[in-house]
Amino acid sequence: MSVEGARVERFEVHDLVAEATRRTGGLDDLGEGPFLEPMALFLESLEREAQLNDVGRLIARERVLLHTVNRLGYVDDRQRFPAIADEHIVAPVFIIGFPRTGTTILHDILAQDPDSRAPLTWETMFPSPPPEAATASTDPRIARCAATMPTRETETERDRQFRAMHPMGATLSQECVTMMGETMCTPLFHNQFRVPTYEDWVDHEADWSHVYAFHERQLQHLQWRNHRDRWVLKTGAHMWGLEHLLRTYPDARIVFTHRDPVKSVTSYASLTALVRTAGSDEVDRFEVAQDWTARLKRVIDHVMAVRSSQSYPQATFYDMYFPDFVADQFAVVSDIYAALGLPMTDEAAVRMKAFIADNPKGKHGLHLYTPEEYGIDPEVVRRDFRAYIDEHDLAPE
């Protein structure tokens, strides 16, 4: 780790792997599937395209090290505890949809059900050794994770803006897009850093079957000593590899969230631009919006093609519309439970309603944005996304 004020030297695969091995006490087995090759592509994109400042280079280095250390831990734990491989992932629930369509709050609401198991932020940050039910609320990794996050006393204006867009907390549910970092194939990296060449590979060339093979191993790992009736998982990144998700989990229960795409792409441009300013002094909001709008157009076309190309007889789909969710969150959750065949217990209902009451819109501040701030023309977006809008009868907001 570089000392404060010093510049991280050129990113090199062998240097980062060696540091990850040092941090894990000598582990060096990264397991099966691509990892070093996509890491090299990501690092090269960081060097050539990310326009990082010195702080950004430190952030990027630690991002790569986090996922490398975690992968080493997952592989080693599986070798030490072979019973992990005997875990079965049955009918997991996935929340999938455009960015900024209510997926985060929906995930947190569903996670209130004591019969549901959602990956928590601390578990995905420090997954090794496998978490245990007996210490689910006392594990020292919770405090370790919390210590990496700003507090009310230490947070900056950027932190406050981010919290208004996306709540943070060691014991809050975490997205699968973060877990995908352990395969070095995730749209998360291009959200945090400007790495278009790397994201082009993610969009067009990556073999997502490897992502889901490792994803299943991650769920087995987290489930082994803390089992519930069902997994509740979430990320818009599942749209990139939906067909591979359905092959890995043919009995998946999927909630697709939908919203006026003008709102989605503008809100995501706002989030991405803010996140990138943590590590770069050269963030072009117009470029961010243009780049991600085109990528999201491609991925929603992909999702529509996957859903219409063949039937998935064991899978269950439910389409959730953002205006309905805003109007009555618990009513929509009740509809989801009915559609997916989930039992709504009295305890689950009480916990969910309490969470909803305690987390009203704007609790952490309002996320304010306009298309004009990002060079977005609403009419052009609606024209380009016409097939998607018509498919789901999405009214302008």
Open item on the list: Under 3.5 Å, is there a donor on one side chain and an acceptor on the other for S267 and R100?
Closed with: yes
- [ ] Answer with yes or no whether the side chains of W240 and D203 bring together a donor and an acceptor at under 3.5 Å.
- [x] yes
Open item on the list: Does R225 qualify as a cation-pi partner of F81, given the criterion of NZ or CZ under 6.0 Å from the six-membered ring centre and within 45 degrees of its axis?
Closed with: yes
TODO: Carefully, step by step, assess E49 and E44 under the rule side chain to side chain contact (heavy atoms under 4.5 Å, CB included).
DONE: CA-CA 8 Å; E49 300 170 320; E44 182 61 26; over 6 Å; no
Task: Lys/Arg N to Asp/Glu carboxylate O, D229 vs R117, below 4.0 Å - done: no
Task: T21 to L27 - nearest heavy-atom pair and separation - done: OG1-O, 2.8 Å
Open item on the list: A side-chain contact here means heavy atoms from C-beta on lying under 4.5 Å apart; do D76 and D29 qualify?
Closed with: no
Task: Whether H392 side chain and H258 backbone form a donor-acceptor pair below 3.5 Å - done: no
Open item on the list: Taking the side chain as everything from C-beta on, heavy atoms only, tell me whether F35 gets closer than 4.5 Å to T68.
Closed with: yes
Open item on the list: Check whether S311 reaches the backbone of P313 with its side chain - one donor and one acceptor, N or O, closer than 3.5 Å.
Closed with: no
Open item on the list: Any salt bridge linking E243 with R307? Criterion: basic side-chain nitrogen under 4.0 Å from a carboxylate oxygen.
Closed with: no
TODO: Please confirm whether F193 and Y198 have ring centers closer than 6.0 angstrom.
DONE: no
- [ ] Salt-bridge test for R382 and D260: reply yes if a basic N is under 4.0 Å from a carboxylate O, no otherwise.
- [x] yes
- [ ] Give a yes or no on whether D86 atom CG has more than 12 heavy-atom contacts from other residues, nucleotides or ligands under 6.0 Å away.
- [x] yes
Open item on the list: Under a plain distance cut-off of 3.5 Å, with no hydrogens placed, do S116 and R228 share a side-chain donor-acceptor pair?
Closed with: no
Task: Least distance between heavy atoms, Y212 atom then G241 atom - done: CE1-O, 3.4 Å
Task: Sub-4.5 Å side-chain heavy-atom contact between H215 and T183 - done: no
Task: Heavy-atom closest contact (A339 atom, Y318 atom, distance) - done: CB-CD1, 3.4 Å
Task: Exercise: identify the closest heavy-atom pair between H302 and L242 - done: NE2-N, 4.5 Å
TODO: Evaluate the side chain to side chain contact (heavy atoms under 4.5 Å, CB included) criterion for residues V93 and L233: first the C-alpha distance (whole Å), next the side-chain angles of each, then the deciding distance (0.1 Å), finally the verdict.
DONE: CA-CA 6 Å; V93 176; L233 306 152; over 6 Å; no
Open item on the list: Apply side chain to side chain donor-acceptor pair (under 3.5 Å) to residues Q192 and R276 and explain how you reach the verdict.
Closed with: CA-CA 5 Å; Q192 188 171 13; R276 289 187 187 176; over 6 Å; no
Task: Whether over 12 other heavy atoms sit under 6.0 Å from Q290 CD - done: no
Task: Criterion side-chain hydrogen bond (donor to acceptor under 3.5 Å, both in side chains) against E182, the qualifying member of R71, R217, H67 - done: H67
- [ ] For T186 and V177, indicate whether the former's side chain and the latter's backbone hold a donor-acceptor pair under 3.5 Å.
- [x] yes
Task: SB check R23 E19 (cutoff 4.0 Å) - done: yes
Task: Check: W231/Q223 side-chain N/O donor and acceptor closer than 3.5 Å - done: yes
- [ ] With the side chain counted from C-beta on, respond yes when I95 and T257 share a heavy-atom pair under 4.5 Å apart, and no when they do not.
- [x] yes
TODO: For H88, look at atom NE2 and say whether over 12 heavy atoms of other residues, nucleotides or ligands are found less than 6.0 Å away.
DONE: no
- [ ] Mind listing the closest non-hydrogen atom pair of L246 and A315 along with its distance?
- [x] CD2-CB, 4.0 Å
Open item on the list: Nearest 0.5 angstrom please: D28 CG to R22 CZ, how far?
Closed with: 15.0 Å
TODO: Give the cluster check for L219 versus V255: same hydrophobic cluster or not, with ILVMFWY residues linked at side-chain heavy-atom distances below 4.5 Å.
DONE: no
Task: Between T178 and E175: side-chain donor-acceptor atoms closer than 3.5 Å - done: no
- [ ] Before giving the answer on side chain to side chain donor-acceptor pair (under 3.5 Å), spell out for Y337 and D113 the whole-Å C-alpha distance, their side-chain angles and the decisive distance to 0.1 Å.
- [x] CA-CA 11 Å; Y337 266 58; D113 188 332; 2.6 Å; yes
- [ ] Please check if the side chain of S308 supplies one atom and the backbone of M304 the other of a donor-acceptor pair under 3.5 Å.
- [x] yes
Open item on the list: Quick one: does any side-chain atom of N359 pair with a main-chain N or O of F355 as donor and acceptor, under 3.5 Å?
Closed with: yes
TODO: Step through the shown structure and confirm whether more than 12 heavy atoms of other residues, nucleotides or ligands are within 6.0 Å of CZ on R144.
DONE: no
Open item on the list: Would Y388 and F98 count as a side chain to side chain contact (heavy atoms under 4.5 Å, CB included) here? Give the steps.
Closed with: CA-CA 11 Å; Y388 170 62; F98 257 13; 4.2 Å; yes
Open item on the list: Any heavy-atom pair between the side chains of W201 and C185 that's under 4.5 Å?
Closed with: yes
Open item on the list: Would you say that R194 contacts D291 through its side chain, given a criterion of any heavy-atom pair below 4.5 Å between the two side chains?
Closed with: no
- [ ] Say whether K234 and T104, considering side chains only, have a donor N or O and an acceptor N or O under 3.5 Å apart.
- [x] yes
Task: Flag, side chain of Q112 to backbone of I109, donor-acceptor distance under 3.5 Å - done: no
Task: E287/R285 ion pair, N-O < 4.0 Å - done: no
Task: Criterion side-chain contact (heavy atoms from CB on, under 4.5 Å) against V195, the qualifying member of L43, L46, L41, D200 - done: L46
Open item on the list: Please determine whether a side-chain nitrogen of the Lys or Arg among E397 and K263 lies less than 4.0 Å from a carboxylate oxygen of the Asp or Glu.
Closed with: no
Task: Sidechain N-carboxylate O distance under 4.0 Å for E379, R383 - done: no
Open item on the list: Show the nearest heavy-atom pair for residues A60 and F11, with the distance to one decimal.
Closed with: CB-CZ, 4.0 Å
Open item on the list: Tell me whether E32 at atom CD has more than 12 heavy atoms from other residues, nucleotides or ligands lying less than 6.0 Å away.
Closed with: no
TODO: Indicate yes or no for a side-chain donor-acceptor contact from S309 to the backbone of V306 under 3.5 Å, with no hydrogens or angles considered.
DONE: yes
Open item on the list: With heavy-atom distances below 4.5 Å as the criterion, would you say the side chains of S209 and R247 are in contact?
Closed with: no
Open item on the list: Quick check: do F214 and Q218 have side-chain heavy atoms less than 4.5 Å from each other?
Closed with: yes
Open item on the list: Any salt bridge linking R57 with E9? Criterion: basic side-chain nitrogen under 4.0 Å from a carboxylate oxygen.
Closed with: no
TODO: Identify whether the distance between the nearest side-chain nitrogen and carboxylate oxygen of E199 and R295 falls below 4.0 Å.
DONE: no
